[in-house]
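Heads up: the structure comes next, in structure tokens.
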Amino acid sequence: MTTTLNTILARIDSLPAARPILLRLLRMAGEPDVGARELVSIIEVDVALTANLLRVCNTPEYSGSRPIATLNEAVLRLGTRTLLQLVITQECEGMLSGTLTGYGMTRSDLWRHSTGAAIAARLLAQRVNEPRTALAYTGALLHDLGQVVLDVFLQSQMKGVVARVRAGQDFSAAEAEILGIGHDALGARIAEKWGFPEQLVLMIGYHHAPKSAPGEQRLCSLVHLGDAIAHWLGIGLGRPALAARFDASVVADLGLNVGDLDQCVIEVSEKMAEKEELLAA
Ligand SMILES: [Fe+2]
Ligand SMILES: [Fe+2]
């Protein structure tokens, strides 16, 4: 084990634990049915989270013309699955919103990339009749979690990584060679340490090589494709976008065709444009 890898792994140990409320929500995303009462009971104990969530529920994208005043109303109007995805998005924003200098990402680039990939993965999951849409969404939202920790180490080793990428290596493989671990495997280790559900650990760890996953290859493929679509649309581009390998065989494996991808790209770009508009307002 190299010194760098030891230092990187020690950094994981010093991370603060994930909030228990996030863990409960993530577990819920892995279940086939989301219970409305249970979801409300998890959220309502956190006053700040509830207030923030109701603020988002009252943006034109969700509320229409009638305001949403309570969580119960939000469940009725949006459905439990959408509300669960919204609250998970709220909970994850803080950890994915910083500037990643090593990855060439300015403030909120990673967050934009993550939300774009998540929206794409959810649409694709619906298209292939995968019932765990909330899980596909969440896996894609968190897929590059490892970059948050690896960024600082990458900054000092960028020359070596760039040289390998120029020689034709995939970005995360170049990270693994120079730093001892890629952001995909590191993200999985963080997810494991925080007690995330197994499916999420796999989706994060294998988002660049879904067919190598020891399980849940379908979910891993949805995240792989969601990530690629965010790259194609130029959403939150950083250095990895220039060197990410796309495994085109997952398209047919999922039962999708080029027309499905075109449709998904259009829908994601429309949804992201709406979000950007709201942010700019
Ligand atoms: Fe990645
Ligand atoms: Fe990514």
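Start at 1 and go down the list; that is how both ligands and their atoms are numbered. FYI, the numbering just counts along the sequence from 1.
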Taking the Fe ion (ligand 2) as the vertex, what is the angle from NE2 of His143 to NE2 of His113, given to 10 degrees?
90°

Taking the Fe ion (ligand 2) as the reference point, name the nearest N/O/S atom of Asp227.
OD1

Shortest-distance N/O/S atom, His183 versus the Fe ion (ligand 1)
NE2

Could you list the residues that satisfy side chain to side chain contact (heavy atoms under 4.5 Å, CB included) with Ala185, not counting sequence neighbours?
Ile181

Sequence-distant partners of Thr50, side chain to side chain contact (heavy atoms under 4.5 Å, CB included), two or more places apart:
Ile43, Leu54, Leu71

The Fe ion (ligand 1) to Asp144: any N/O/S contact under 2.8 Å?
yes

Report yes if the side chains of Val149 and His183 come closer than 4.5 Å at any heavy-atom pair, otherwise no.
no

Test salt bridge (charged side-chain N to carboxylate O under 4.0 Å, His left out) on Asp170 and Arg245; report intermediate values, then the result.
CA-CA 6 Å; Asp170 171 66; Arg245 291 275 161 72; 5.3 Å; no

